[in-house]
Amino acid sequence: MSCLKHANCPQCQLAKGGKPDKLVHSRGNSSAWLAIVGEAPNALEVIKKRILHESAPTGQFIDQMLAACGIRTSEVYYASALLCNYPSGTKPSKRSVEACKSRLDYELRNLPNLRVIIACGKYALQSLLDKEKITQELYNVYWSERLHAYIIPSYHPAFVLREIASFEDVAWVFQTAKRLKSDNKSGALSPTPMVRYTAKSSEEAVEFLNKLAEINWPCKIAVDCESDDADWVRTPMLAVGFAFVDPGGIEPFPPFKAYTAVTIPWINESNPPEVASTWDFFVAPEMLDALERVSKNPNLHFCFHNGDFDVKLIAQNTGIFFRIDDDTMLLHHCLDERGGGDGIEGSSTSAKIGSHRLKIVAKKYLLIPDWEGDIKQFLKSKKTKYSNIPRKKLHEYLGYDVVYCLQLVDELKRVSKEDEPIGNPNYWHPLDAYHRVMIPAQNAITLDTFDGVNIDEKKRSKLSTQYRKNINDLYAKMIEYIRILENRTGPKPPRVTKFGKLTKDQPLEFNPNSNAHLKKLIYDTLKIQLTKDLKTDEKGKISKSAWPTGRSVLLKLRDKHPIIECLIQYKLLNKRYGTYVKPLVRHRDKRGHIHTDIMLAATGTSRTASKNPNLQNLTKDIKELYIPDAEF
């Protein structure tokens with residue numbers, strides 16, 4: 001397809017003299033329904049004059065993915081965001097991508113049967129969607145009126161070959177492309193139809209809760225709540241939501257099988273959020289009585305996404321505990337065992353790859369649009385509270401949360417049964433482990449961590465002082481060694497007062513946590529020769545850094561000079577202090593108790609993880625800080 005006349009080559013940094021250089025044209029069937037758009041031709045593709053060449057690793061990967069999904073290569077058109085190869089070690093500018101954009105548009109618009117476009121990598125994403133961050137676009141499906149086709153962002157195959165953990169994400173892209181073609185869909189994705197109610201008074205809230213409490217047939221109900229942040233111990237609850245498929249027994253809701261979401265403002269007058277003026281009413285005692293009756297109704301099957309957080313938040317704000325019967329975060333972990341963080345929106349431990357966040361899991365399995373967009377405009381920064389979101393928008397958002405959680409329970413169980421039939425006597429099915437181990441364990445962990453554990457404040461204060469003294473002594477010792485090694489004379493630097501840090505007006509002579517300072521010490525001052533052994537860690541993995549300075553390097557060099565042993569001990573004590581001792585102050589509640597979060601779905605090895613604060617792998621001196629309550 002001749003299309004160079006549609007490219008603005010004189011504006012591109014890759015063109016020489018205004019003409020394209022090392023150019024590789026697109027290829028494939030002009031009747032294709034699927035287009036795969038890469039970034040730019042690599043050196044092999046330039047030689048072969050064939051984009052995404054079959055003999056290249058990336059080309060082979062794509063062909064294998066197509067075959068696994070039952071898509072023939074004759075159904076595919078291969079293109080790239082940039083027609084020209086760019087030199088190794090450089091990055092094309094936005095100007096170059098923009099210069100080639102009209103050419104790519106022309107190519108794709110001239111494919112009459114085009115239905116789906118897979119945008120592989122950053123530059124394809126820039127060209128097709130004017131977006132840059134792949135990690136923020138995973139599992140999104142966009143409809144382009146301009147190209148009259150769906151666009152699915154994807155990692156580039158070259159990245160997948162380097163980071164095998166991302167394989168599941170790319171496999172989903174190809175499976176979804178086939179699904180969109182099979183479903184014969186067109187136009188933007190639509191959210192799940194639902195009926196949504198928001199209580200406008202405490203009387204309405206009580207009326208609805210009483211109806212739930214009186215249900216006398218088995219009923220699955222999803223529960224979720226919104227709060228200002230992820231600290232359930234201190235944050236006020238803003239609203240609680242319920243979703244169910246109404247069988248016609250709960251008035252005034254419609255007597256047909258539709259997803260119904262009911263959201264209730266839950267603002268305690270004694271503990272209001274920062275912005276409480278937009279709320280019409282506060283929690284009434286009758287609401288608490290009705291909610292407790294709901295929690296004790298044996299006919300209700302309670303479904304959560306990350307129930308550990310929601311149950312503890314509700315209990316902290318109301319004194320009422322809910323039972324976790326299903327948890328879609330744990331259920332997804334049974335299907336995708338990659339570490340997925342804690343599942344809490346906006347949390348720093350919610351992983352980018354393999355995340356178990358509701359927003360990602362729902363888009364992944366239910367093929368629905370992103371419903372966060374309407375509230376993002378009100379969250380100016382990561383510190384902006386949810387109470388700043390207008391009430392109507394917040395409750396609409398909460399309604400989607402509970403409905404999609406309810407949908408996911410059945411969908412994830414269906415997928416689990418399809419992936420691995422139940423009935424093999426030689427091992428447990430993932431659903432067996434989920435129902436018999438994970439759900440009971442989660443309920444027990446939730447109750448235990450809600451109660452928390454007491455600490456001896458006198459011992460904590462004494463241990464904190466001792467750690468700080470030892471850390472500062474080690475830092476001072478390292479400074480002395482450096483002055484001797486560099487033959488320095490003159491007045492000594494001021495005594496540090498806090499973990500090797502000086503005041504703002506004093507330069508930091510040596511920062512043990514700086515790779516640049518460590519590189520200078522190891523390879524310049526101590527004149528250590530860089531060898532392959534130094535670049536290889538204890539697991540046999542070769543460091544990507546040109547001048548490695550990590551723990552494995554320090555351990556191998558500990559006999560070279562006493563300063564290395566000081567460094568090792570400094571880093572060890574600093575980590576213990578920062579992870580296990582220092583955080584205790586800010587995590588204590590009014591009773592002096594610590595409430596850690598123990599996560600069952602945060603790691604890729606199925607081991608538990610702990611945070612806020614970390615109470616796993618404690619040393620003896622730190623363990624002694626924790627004491628039983630008086631009644632024990």
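What you see is a predicted model; the values in this text were computed from it and never measured.
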Chemist: Applying the side chain to side chain donor-acceptor pair (under 3.5 Å) test to Ser610, which of Asp597, Thr449, Thr596, Asn617 qualifies?
Modeler: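 It is Thr596; the other options fail the test.
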Chemist: Between the main-chain N or O of Ile445 and the side-chain N or O of Asp308, is there a donor-acceptor pair closer than 3.5 Å?
Modeler: no
Chemist: Phe61: what forms a ring pair (Phe, Tyr, Trp, His ring centres under 6.0 Å) with it, not counting sequence neighbours?
Modeler: none
Chemist: Could you check whether any side-chain N or O of Gln377 sits under 3.5 Å from a backbone N or O of Asp374, counting only pairs where one atom can act as donor and the other as acceptor?
Modeler: yes
Chemist: Ignoring hydrogens and geometry, is there a side-chain-to-backbone donor-acceptor pair from Asp410 to Gln407 under 3.5 Å?
Modeler: no
Chemist: Arg146: which residues meet the side-chain contact (heavy atoms from CB on, under 4.5 Å) condition with it, sequence neighbours left out?
Modeler: Asp105, Ser144
Chemist: Report, one line per pair, each donor and acceptor closer than 3.5 Å where one atom sits in a side chain of residues 284-294; sequence neighbours left out.
Modeler:
residue : atom : partner : partner atom : Å
Glu292  : OE2  : Lys296  : NZ           : 3.2
Arg293  : NH1  : Asn210  : OD1          : 2.8

Chemist: Under the rule for side-chain contact (heavy atoms from CB on, under 4.5 Å), what residues qualify as partners of Ala261, not counting sequence neighbours?
Modeler: Met194, Arg196, Val402, Val403
Chemist: By ring pair (Phe, Tyr, Trp, His ring centres under 6.0 Å), which residues pair with His435, not counting sequence neighbours?
Modeler: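 In terms of ring pair (Phe, Tyr, Trp, His ring centres under 6.0 Å), with neighbours along the sequence ignored, His435 is linked to no residue.
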Chemist: Who passes salt bridge (Lys or Arg N to Asp or Glu O under 4.0 Å) against Asp448, sequence neighbours left out?
Modeler: none
Chemist: At what distance, to the nearest 0.5 angstrom, does CG of Leu300 lie from SG of Cys303?
Modeler: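 If we round to the nearest 0.5 Å, Leu300:CG and Cys303:SG are 10.0 Å apart.
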Chemist: Can you pull the side-chain hydrogen bond (donor to acceptor under 3.5 Å, both in side chains) pairs that have at least one residue in residues 318-329, sequence neighbours excluded?
Modeler: His301-Asp326, His305-Thr328, Arg323-Asp325, Asp326-Lys413, Asp326-Tyr434
Chemist: Between Lys211 and Glu214 (salt bridge meaning N to carboxylate O under 4.0 Å), is one present in this structure?
Modeler: no
Chemist: Can you pull the salt bridge (Lys or Arg N to Asp or Glu O under 4.0 Å) pairs that have at least one residue in residues 131-140, sequence neighbours excluded?
Modeler: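 Checked against salt bridge (Lys or Arg N to Asp or Glu O under 4.0 Å) - neighbours excluded - the pairs reaching residues 131-140 are Lys94-Glu132.
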Chemist: What I want to check is whether the side chains of Thr235 and Asp228 have a donor and an acceptor closer together than 3.5 Å.
Modeler: no
Chemist: Who pairs with Asp183 by side-chain contact (heavy atoms from CB on, under 4.5 Å), at least two apart in sequence or on another chain?
Modeler: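 For Asp183 the side-chain contact (heavy atoms from CB on, under 4.5 Å) partners, ignoring immediate neighbours, are Arg179, Lys185.
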Chemist: Could you check whether any side-chain heavy atom of Tyr142 comes within less than 4.5 Å of a side-chain heavy atom of Ile152, counting everything from C-beta outward?
Modeler: no
Chemist: What is the ring orientation for Phe302 with Phe304, classed by angle as parallel under 30°, tilted 30 to 60°, or perpendicular over 60°?
Modeler: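 Rings of Phe302 and Phe304: tilted, 30 to 60°.
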Chemist: Between His593 and Asp451, is there a donor-acceptor pair closer than 3.5 Å when you use the side chain of the first and the backbone of the second?
Modeler: yes
Chemist: Kindly say whether Arg72 contributes a backbone atom to a donor-acceptor pair with the side chain of Glu75 at under 3.5 angstrom?
Modeler: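 Here the side-chain-to-backbone pair exists.
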Chemist: How would you list, by chain and number, every residue that makes a salt bridge (Lys or Arg N to Asp or Glu O under 4.0 Å) with Lys376, sequence neighbours excluded?
Modeler: Asp370
Chemist: Show the numbers, then the answer: is there a side chain to side chain contact (heavy atoms under 4.5 Å, CB included) between Leu394 and Leu398?
Modeler: CA-CA 6 Å; Leu394 182 66; Leu398 177 56; 5.7 Å; no
Chemist: Taking the side chain from Tyr150 and the backbone from Gly187, do they hold a donor-acceptor pair closer than 3.5 Å?
Modeler: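 Such a contact is found between Tyr150 side chain and Gly187 backbone.
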Chemist: Drop me the distance from Ile117's CD1 to Leu34's CG, to the nearest 0.5 angstrom.
Modeler: 9.0 Å
Chemist: Ignoring hydrogens and geometry, is there a side-chain-to-backbone donor-acceptor pair from Asn443 to Pro440 under 3.5 Å?
Modeler: no
Chemist: Start with the C-alpha distance between Tyr139 and Asp169, add both sets of side-chain angles, then the distance that settles side chain to side chain donor-acceptor pair (under 3.5 Å), and finish with yes or no.
Modeler: CA-CA 8 Å; Tyr139 300 107; Asp169 303 310; 2.4 Å; yes
Chemist: Between Asn299 and Pro218, is there a donor-acceptor pair closer than 3.5 Å when you use the side chain of the first and the backbone of the second?
Modeler: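 Flag not set: sc Asn299 to bb Pro218 has no pair under 3.5 Å.
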Chemist: Got a salt bridge between Lys359 and Asp401, using NZ or NE/NH1/NH2 to carboxylate O under 4.0 Å?
Modeler: yes
Chemist: Hey, is the main chain of Met599 close enough, under 3.5 Å, to the side chain of Gln442 for a donor-acceptor pair?
Modeler: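 Checking the backbone N and O of Met599 against the side chain of Gln442, no donor-acceptor pair under 3.5 Å is found.
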Chemist: His595: which residues meet the ring pair (Phe, Tyr, Trp, His ring centres under 6.0 Å) condition with it, sequence neighbours left out?
Modeler: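 Result, ring pair (Phe, Tyr, Trp, His ring centres under 6.0 Å) vs His595: Trp232.
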Chemist: Does Lys178 have any side-chain contact (heavy atoms from CB on, under 4.5 Å) partners at least two apart in sequence or in another chain, and if so, which?
Modeler: Ile71, Ser182
Chemist: Aromatic rings Phe322 and Phe242: how do their planes relate, parallel, tilted or perpendicular, breaks at 30° and 60°?
Modeler: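 Rings of Phe322 and Phe242: tilted, as their planes differ by 30° to 60°.
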Chemist: Judged by atom type as modelled, is there a donor-acceptor pair below 3.5 Å linking the side chain of Gln316 to the main-chain atoms of Val233?
Modeler: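 Looks like yes, one N/O pair under 3.5 Å.
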